[in-house]
Amino acid sequence: MSCSSTSVQILSWGCRSETSVRTDVAGSSAFQIDGFGNASGIPAVVDYSWDNQDTRPKALTVQLRQARPKTTSYTFPEAPASADATRPNAAPSTPHSPLRQAHLLDNAATNPLEARYTRVRPPSDAIKLADRLYYLLQPSLEVLINEGALDFPFHPFSYQLDGVAFLYPRISAILADEMGLGKTMQAITAARMLFHAGEIRSLLLVCPKPLVTNWKREFALWAPELPLAVIEGDRARREWQWRNADVPVKLANYELLVRDRDLFSEIGAIEDHAAARSRGAWNATTAPASTCSPGSGGSGLRFDLVVLDESQRIKNRHGTTSEVVCSIDRDRSWALTGTPVENSPEDLVGIFEFVAPGHLHSEMKPRAMGRSAADYILRRTKDKVLSELPPKLFRDAEVELSVQQRATYQLAEDEGVLRLTEMGQSATIQHVFELVLRLKQICNFDPATGDSSKLERLAADLEEVAASGQKAIIFSQWVDTIEQLAARLGPFGVLQYHGRVAHKTREGVIERFRRERKRHVLLMSYGAGSVGLNLQFCNYVFLFDRWWNPAVEDQAINRAHRIGVNGPVTVTRFLALDTIEERINQILEEKRELFDAIFSDAEAHRRSGLTQQEIFGLFRLRCPQGEIQAAA
């Protein structure tokens with residue numbers, strides 16, 4: 001019987017390894033060998049020998065576990081709230097005013113900054129390690145506040161710091177918080193931080209004309225060190241303001257932006273001409289073409305950051321306003337809106353044409369659109385972030401038309417439907433709208449007698465409001481209705497705020513309503529008063545007639561139900577039974593489902609916008625053949 005000896009050499013490189021050796025030899029068995037290398041990193045040779053009757057093994061398998069790399073981690077402790085006091089030669093802190101101190105004490109229970117740390121949130125498209133580390137190593141926003149690096153008039157709420165942390169690192173962003181949560185403050189603070197960090201040097205803020213004064217006031221409060229210029233005046237003055245590089249923040253309204261479209265091109269051409277002449281190579285055919293993409297140089301003016309307030313103004317991406325706004329050359333694009341979707345998903349697509357062109361398209365389903373837009377949008381509602389905010393109490397005031405109103409209404413509806421029926425295929429959506437508007441106006445006041453069941457109910461409620469020393473806002477979509485109400489509600493100290501009130505006097509109207517105790521009622525139109533106003537001293541809101549879109553109604557209600565309100569806000573919604581108002585309300589309630597489908601990642605059950613087919617269906621009319629489009 002022969003006997004042989006087999007030796008296996010295994011190298012171990014300074015790390016623990018588990019070695020499995022299996023010999024497929026007659027009369028042998030598998031066995032496990034654990035080898036340990038030395039700590040010096042020098043290969044260690046380990047000999048394993050055995051005797052066997054066979055000559056050599058037929059199979060040999062060696063498995064080595066992958067060595068784990070050595071890692072070192074560091075933890076950066078947060079600076080304490082009293083960092084200023086512990087620093088050597090620290091300057092004494094300035095005592096707060098009694099009003100500010102009271103605000104700080106009030107926030108201490110609901111918003112303890114020392115209990116949490118809000119970090120800058122890098123966007124998911126920040127791929128470079130240097131970019132992500134830059135954001136992650138920034139001190140928390142609470143540290144900036146507590147150390148006095150940035151002075152704030154009031155301590156922001158924690159959710160507002162989350163909003164700042166969301167906006168700060170993003171090139172493209174939509175802040176879609178519900179009205180009343182402080183989008184203005186969050187945008188100003190994030191931009192202010194970018195200025196101080198040297199990330200931006202120029203900012204253009206675009207807002208509706210009635211909100212220019214409000215933005216100017218908020219900038220003076222939250223970023224007083226930043227010079228701001230409101231673009232206004234004649235053409236020569238506006239051109240000088242647009243060119244003035246010494247003012248980093250420029251504030252303009254949408255209407256002026258459209259008016260100065262040609263001025264942008266002229267400024268760009270002059271600047272390009274001067275630059276080319278300095279290089280000795282001017283050619284008129286080399287002027288850049290207009291485009292919607294950021295940083296493309298389409299408008300001739302360039303800004304590091306462009307912020308759009310009430311950005312639903314550009315929801316029609318084929319409209320002039322959208323084209324002008326999108327053509328502005330910019331590095332960062334932020335949009336602020338409380339209603340990113342008013343009628344259909346196409347509204348959100350229009351806003352994204354400014355924020356991130358091409359990222360969304362109309363053919364996407366709501367659920368897919370919500371997923372694609374998730375990293376670009378931050379949306380919070382009051383019930384989720386302000387549990388201490390008093391609630392909204394809704395009352396549906398369902399009224400029956402008076403006898404005379406009913407007769408007038410029925411006659412108008414019968415004649416209108418008969419006319420539309422006779423028109424047949426030639427009837428258009430405009431014809432139907434004319435009938436709808438006429439019937440809704442009759443639900444407010446009988447044009448012949450002036451009878452109004454709504455007014456009778458409203459007057460009774462206002463007597464209680466005035467007796468308790470409270471104030472109320474009444475909304476209507478028609479100025480004529482507002483003027484009729486003003487004539488008949490005189491004892492309640494009525495003031496008016498609508499499109500026929502001059503812009504220069506509107507702020508005075510709000511101040512009188514705020515300060516004068518005998519002024520219990522403010523009559524407002526949805527168009528003039530649904531955005532940008534802070535009326536949190538009112539505890540009653542009346543919707544005398546309903547708007548086409550519940551999102552606009554929500555905006556109107558949130559003029560009163562916002563931060564600072566001192567009690568529940570009672571919202572009374574008037575609805576005339578067995579009329580066009582009741583039929584429209586049933587359809588518009590479904591629009592909320594569309595909004596929830598996009599922002600709650602849930603599939604919509606059906607399209608919820610008002611279409612031509614639905615409008616014609618209000619009167620049981622057959623819609624003319626052709627493409628069915630959104631009507632409202």
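We number each residue from 1, following the sequence as shown.
- Closest approach of Arg559 to Gln555, counting heavy atoms only: NE-O, 3.1 Å.
- Although no hydrogens or angles enter the test, the distance criterion places no donor-acceptor pair under 3.5 Å between the side chain of Arg261 and the main chain of Leu257.
- The side chain to side chain donor-acceptor pair (under 3.5 Å) search around Ser372 returns none, not counting sequence neighbours.
- Every residue meeting the side chain to side chain donor-acceptor pair (under 3.5 Å) condition with Glu255, not counting sequence neighbours, appears here in chain and number order: Arg313.
- Between Ala176 and Ile377 the shortest heavy-atom distance is CB-CG2, 4.1 Å.
- When atom types are taken as modelled, the side chain of Ser172 and the backbone of Val355 share a donor-acceptor pair closer than 3.5 angstrom.
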Verdict with supporting geometry, His503 and Val212, side chain to side chain contact (heavy atoms under 4.5 Å, CB included):
CA-CA 11 Å; His503 286 282; Val212 170; over 6 Å; no
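- Under the 3.5 Å distance criterion, the side-chain polar atoms of Ser327 are matched with a main-chain donor or acceptor of Val324.
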Hey, mind stepping through Ser333 and Val306 against side chain to side chain contact (heavy atoms under 4.5 Å, CB included) and telling me if it holds?
CA-CA 5 Å; Ser333 307; Val306 176; 5.7 Å; no
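- At least one donor-acceptor pair closer than 3.5 Å links the side chain of Tyr159 to the backbone N or O of Leu181.
- With values rounded to the nearest 0.5 angstrom, Ile200 atom CD1 is found 4.0 Å from Phe195 atom CZ.
- Between Val541 and Lys392 the shortest side-chain heavy-atom distance does not fall below 4.5 Å.
- A distance of 11.0 Å separates OG1 in Thr189 from CG in Leu194, rounded to the nearest 0.5 Å.
- At distances below 3.5 Å, not a single donor-acceptor pair connects side-chain atoms of Arg302 with backbone N or O atoms of Asp329.
- Side chain of Arg379 to backbone of Gly338: a donor-acceptor contact under 3.5 angstrom is found.
- For residues 188-204, the set of pairs meeting the salt bridge (Lys or Arg N to Asp or Glu O under 4.0 Å) definition, not counting sequence neighbours, comprises Arg192-Glu225, Glu199-Arg332.
- Atom CD1 of Ile231 and atom CG of Leu263 lie 10.0 Å apart (nearest 0.5 Å).
- Remark: side-chain polar atoms of Gln241 are paired, donor with acceptor, to backbone N or O of Val230 under 3.5 angstrom.
- Checked against side chain to side chain donor-acceptor pair (under 3.5 Å), His359 has no partners two or more places apart in sequence or in another chain.
- Among Phe166, Phe354, Phe352, the single residue meeting the ring-ring contact (aromatic ring centres under 6.0 Å, His included) criterion with Tyr376 is Phe352.
- Nearest heavy-atom pair across Leu360 and Met369 is CD1-CG, 3.8 Å.
- Taking the side chain as every heavy atom from C-beta outward, Arg238 and Arg259 approach each other to under 4.5 Å.
- Residues Thr118 and Ser158 have side chains not in contact (no heavy-atom distance under 4.5 Å, counting atoms from C-beta outward).
- Within the structure, the ring pair (Phe, Tyr, Trp, His ring centres under 6.0 Å) test picks out the following pairs touching residues 218-259 (sequence neighbours left out): Trp242-Phe264.
- Although no hydrogens or angles enter the test, the distance criterion places a donor-acceptor pair under 3.5 Å between the side chain of Ser311 and the main chain of Leu336.
- Between Ile328 and Phe303 the shortest side-chain heavy-atom distance falls below 4.5 Å.
- Rounding to the nearest 0.5 angstrom, the gap separating the CG atom in Leu228 from the CD1 atom in Ile188 is 9.0 Å.
- Not counting sequence neighbours, the partners of Phe513 by the ring pair (Phe, Tyr, Trp, His ring centres under 6.0 Å) test are Phe537.
- The closest side-chain heavy-atom distance from Asp347 to Pro340 is not below 4.5 Å.
- The shortest non-hydrogen separation linking Pro169 to Ala165 is CD-O, 3.2 Å.
- The minimum heavy-atom distance linking Leu378 with Gly163 is given by the pair CD2-CA, 3.7 Å.
- From Trp334, atom CH2 reaches atom CG of Leu175 across 9.5 Å, with rounding to the nearest 0.5 Å.
- Remark: side-chain polar atoms of Lys183 are not paired, donor with acceptor, to backbone N or O of Asp309 under 3.5 angstrom.
- By the 4.5 Å heavy-atom criterion applied to side chains, Val349 and Arg317 are counted as neighbours.
- When side chains are defined from C-beta on, Leu535 counts as touching Leu522, because their heavy atoms get closer than 4.5 Å.
- Geometrically, Arg506 engages Tyr497 in a cation-pi contact defined by less than 6.0 Å to the ring centre and at most 45° from the axis.
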Verify side chain to side chain contact (heavy atoms under 4.5 Å, CB included) between Arg512 and Val509, making sure each step is shown before the conclusion.
CA-CA 5 Å; Arg512 290 182 62 192; Val509 171; 5.9 Å; no
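- Rounded to the nearest 0.5 angstrom, Lys315 NZ and Ile351 CD1 are separated by 9.0 Å.
- In this structure a side-chain-to-backbone donor-acceptor pair under 3.5 Å is missing from Ser322 to Gly319.
- Between Pro248 and Pro227 the shortest side-chain heavy-atom distance falls below 4.5 Å.
- A salt bridge between Asp375 and Arg170 is present, with a side-chain N of the basic residue lying under 4.0 Å from a carboxylate O of the acidic one.
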